[in-house]
Amino acid sequence: MYIANKPEINSSSQSTLDQNFKETALVLWFEQVGIADIPLVGGKNASLGEMIQQLTAKGVNVPTGFATTAYAFRYFIQRAGLDERLRQLFEDLDVEDVRNLQERGRQARSMILNTPFPPELEQAIVDAYIKLCERYGVTTDLCDRLDATNSEECRRYSNEVDVAVRSSATAEDLPDASFAGQQETYLNVHGIQSVLESCHKCFASLFTDRAISYRTIKGFDHFGVALSVGVQKMVRSDLASSGVMFSIDTETGFKNAALITAAYGLGENVVQGAVNPDEYFVFKPTLKQGFRPILEKRLGSKEIKMVYDLGGSKLTKNVPVPVHERNQFAITDDEILKLAEWACIIEDHYSAVRGTDSPMDIEWAKDGLTNQLFIVQARPETVQSQKSGSVLKSYKLNGTSDVVVTGRAVGEMIGQGSARVILDVHKITEFRAGEVLITNKTDPDWEPIMKKASAIITNQGGRTCHAAIIAREMGIPAIVGCGNATGLLKTGQDVTVSCAEGEEGKVYTGLVPFEIQETQLDSLPTTRTKILMNVGNPEEAFGLSSIPCDGVGLARLEFIIANHIKAHPLALMHFDELQDKAAKWEIAQLTGLYEDKADFFVDKLANGVGMIAAAFYPNPVVVRMSDFKSNEYANLLGGREFEPKEENPMIGWRGASRYYDPNYAEAYGLECKALKRVRDDMGLTNVIPMIPFCRTPDEGRKVLAEMAKYGLKRGENGLQVYVMCEIPSNVILADEFAEVFDGFSIGSNDLTQLTLGLDRDSALVAHIFDERNEAVKKMVRQVIQRAQATGRKIGICGQAPSDYPEFARFLVELGIDSISLNPDTVIKTRLEIADTERAIAQ
């Protein structure tokens, strides 16, 4: 049975009903109640009525129905003399004593179930259900839509409406206490007797063990709460899909994204966590502007679905989902965007009603007979919306132990766990989440386990090696350049890794106690110098956006490519010609949803960049185009067939020189397509592409010409293009580069390397690597002065200002426009920059 147009109700029974009548009614239709009527019909039913009354005109579909009232529940309890008996039963209630809780709950439910409804209440429910059946009478083509062989079901639907019978307590769906799932719900209920039985069970479920315990913890009086029952027309999502959505990110509290989950069948499996659903993120601000900002789509396993148990002894049952359906998304992009639009409408309405931001937790369902979407519940989100503002965390050891290993500290944190020594990247499957990774050195092949580590320790490398860079982005401590950590530390040994004691990192034996101190960020000073952030991992972007900053000065594509795409772009574009059978099989597994494998690259890259751009919108997000070296590209799936072997990849075929080269230009085109999608389709025009390792102005012009082929034309739609200043030629020819690009970003790591003539990944010369060297500082001073003279923006995204406060002061004194920092140093450096600016002003 499917929902037709909303039925009319008599004008005498609209929401303008006399309040006295509403307060003594046994049953009210959803159209007769609103959010102010929580004391009458509970949070769930009041919200359904509110949406039907206020949001139907805005296009939000909500199936109607009726509710028994709180007055009806109390009338039942008092009429049967249950009130005093229940109070006596609960006199010695102890929710900490599980047996006591279970026994009291069982007896309370038994009392209610063994007490018949008063005749007048039973008749009110019967009359309302009959009226609902009349409103949603069978349509002439219903049996054609259903299985034609199931004539029994056709007869059944001709005079019975299938309904959901849901509990709705008067202390429920409040902004600070959801009570979600504490009482019972019954789906696919048919017929008068079944509806009455389900209502009776819902009354009894006010005293489920979990509800009793939850009320006690939240400080609610058991006898001050009443139970309303909502009887709502079912949506035939058993023939389609359903899910839950939030108008806020449930993990980070990021308010500008809607999270939608979807699985096949009735929504109970998603609500109960019995199935791994698809997940979709949509960016709300540009959605409201008419764009299509689906930031991410994650395929869930969706192994089972809940359907009607037609002809069976149960109301519903779970059945397996066919493999081909599991490997597809449960809803279309248009449906994702429609649901996100509704989430915005619902959130905006409730925010206006409550006079404050009101993130919402919403259940939706798709009718498989009509393909219409419906909202079946909406309640306030009660976790992230209740959290306080951002805080600064600092780490401090509260004990000591023997120091086994020392090296260069990365990050100002402390981590600990069981050590895991791995010398071969092919053995990373041995690693377990939460362990301390100990190895010789890392490259992008190691990143899948690095994000699971509690800390990282390497024999080789300086502060700007791969392990150090990735550890900072992951927000975990690392100690690099230790010499022989793999020989001194053993797998299974408990260790504490401290990077909170200055430049030298220390590895202690055992699990040394430590504390995390939190500082409120309410009164941070503003600065003339823009404070930006370096962000690589899209999965961390929403969380990092809570750190006060002016945008992103460096978003690295390499992390997205290595961790989310994993395959060489040319291997995807020439998939059919690949000779490496193992790589070809792995790529096939990764790209199963894509007929054109290149689309996989564009989608994943656009989603990753989109997540970062959305997190910091509308502030600028500078995205550095790919800067893998040839040996790093070769390690991507299928990469060895397309990459040369270079003696020194660090200063070889990298950055701009690849983008216009006939041997790679088509792969660069995929990056351009991804950024165009982010800017044009998602509406995230705050993205600024940046070209790395551009040796000459002529190279810059060639790269811009390549970008224009794919619709990224400098100056159109506000597009700016920056260049990395990391080669001495960028400084010497700054005036000429300023004619080609809109801004500079100093990459102090490579600029130091090439100015001092050393390999920054070599532990042998790591002690010489220092951005504070006078030769490097002269380079920095010169390019800042030339950028200012030519009217171009200039910032820095290298490591130096994060590590050395005096270097940050040096940059501020030169009048640099922006400083981009690692997340863990943003607050500390902002305070130091504010002090420097005040000193200069004096």
Side-chain angles (χ1 to χ4, degrees), residues 240-243 245 257-265 269-270 275-283 292-305 320-340 366 368 371 373 448 537-539 557 559-578 580-611 614 636-639 666-667 669-678 681-682:
S241 52
S242 59
M245 61 180 174
L259 169 63
I260 301 167
T261 63
Y264 298 115
N269 280 341
V270 178
V275 67
N276 179 19
D278 297 337
E279 292 185 1
Y280 319 106
F281 274 113
V282 180
F283 186 56
R292 297 174 62 85
I294 300 177
L295 301 177
E296 186 174 33
K297 295 165 63 177
R298 296 182 185 176
L299 190 69
S301 57
K302 307 184 296 292
E303 295 179 354
I304 58 173
K305 64 178 177 179
V321 175
V323 173
H324 73 278
E325 290 184 14
R326 296 181 201 174
N327 293 328
Q328 298 174 0
F329 290 112
I331 52 178
T332 66
D333 285 1
D334 286 344
E335 289 167 338
I336 293 168
L337 293 167
K338 174 57 69 176
L339 289 170
K366 178 181 176 180
N371 290 324
L373 293 170
N537 186 355
E539 296 172 4
L557 294 192
F559 185 95
I560 301 170
I561 295 171
N563 286 273
H564 298 271
I565 297 173
K566 301 179 181 179
H568 195 289
L570 291 174
L572 293 167
M573 300 186 82
H574 301 280
F575 175 76
D576 292 336
E577 302 151 35
L578 283 180
D580 186 337
K581 293 183 179 179
K584 191 171 185 178
W585 184 88
E586 287 190 61
I587 292 173
Q589 299 306 303
L590 281 171
T591 60
L593 293 174
Y594 295 84
E595 187 172 336
D596 184 340
K597 307 304 182 186
D599 289 343
F600 170 77
F601 186 97
V602 175
D603 273 4
K604 291 296 183 182
L605 196 59
N607 289 345
V609 172
M611 289 286 281
L636 296 173
L637 290 173
E666 61 177 342
L670 299 183
E671 295 182 34
C672 296
K673 288 180 180 180
L675 259 65
K676 180 174 174 57
R677 181 178 299 178
V678 172
D681 296 351
M682 299 181 185

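By convention here, the first residue in the shown sequence is residue 1.
Crowding of Glu595 atom CD: a count of heavy atoms from other residues, nucleotides or ligands under 6.0 Å not exceeding 12.
The shortest non-hydrogen separation linking Ile336 to Ile260 is O-CD1, 3.4 Å. In plain terms, the two heavy atoms of Met611 and Phe281 that are nearest each other are CE-CD1, 4.2 Å. Heavy-atom minimum distance, Lys584 versus Asp576: NZ-O, 3.3 Å. Here the shortest heavy-atom pairing between Ala330 and Ala262 reads CB-CB, 4.0 Å. For Leu373 against Lys366, the heavy-atom pair with the smallest separation is CD2-CB, 3.7 Å.
Within the 4.5 Å cutoff, the side chain of Thr591 has no heavy atoms near those of the Phe601 side chain. No side-chain heavy atom of Phe283 sits under 4.5 Å from any side-chain heavy atom of Met682. In this structure, Lys581 and Trp585 have side chains that are not in contact, with every pair of non-hydrogen atoms separated by 4.5 Å or more. With a 4.5 Å cut-off on side-chain heavy atoms, His564 and Phe559 count as touching. Residues Leu605 and Leu670 form no side-chain contact, since every pair of their non-hydrogen atoms from C-beta on lies 4.5 Å or further apart. Contact check for Pro538 versus Val609: no side-chain heavy atoms found under the 4.5 Å cut-off.
Residues passing the side-chain hydrogen bond (donor to acceptor under 3.5 Å, both in side chains) test with Arg292, sequence neighbours excluded: Asp334.
Between the NE2 atom of His568 and the CG atom of Leu637 there is a distance of 11.0 Å, given to the nearest 0.5 Å. Atom NZ of Lys597 and atom CD1 of Ile587 lie 9.0 Å apart (nearest 0.5 Å). The OG atom of Ser242 sits 10.0 Å away from the CD1 atom of Ile331 when rounded to the nearest 0.5 Å. The structure places CD of Glu586 at 9.0 Å from NZ of Lys566, a figure rounded to the nearest 0.5 Å. Note that CZ of Phe600 and CG of Leu572 are 7.0 Å apart. Values are rounded to the nearest 0.5 Å.
Pairs passing the side chain to side chain donor-acceptor pair (under 3.5 Å) check and including a residue from residues 601-611, sequence neighbours excluded, read Tyr594-Asp603, Asp603-Arg677. Judged as a salt bridge (charged side-chain N to carboxylate O under 4.0 Å, His left out), the pairs with a partner in residues 293-304 (not counting sequence neighbours) are, in order, Asp278-Lys302, Glu279-Arg298, Glu296-Arg298, Lys297-Asp333.
At least one donor-acceptor pair under 3.5 Å links the side chain of Glu335 to the backbone N or O of Thr332.
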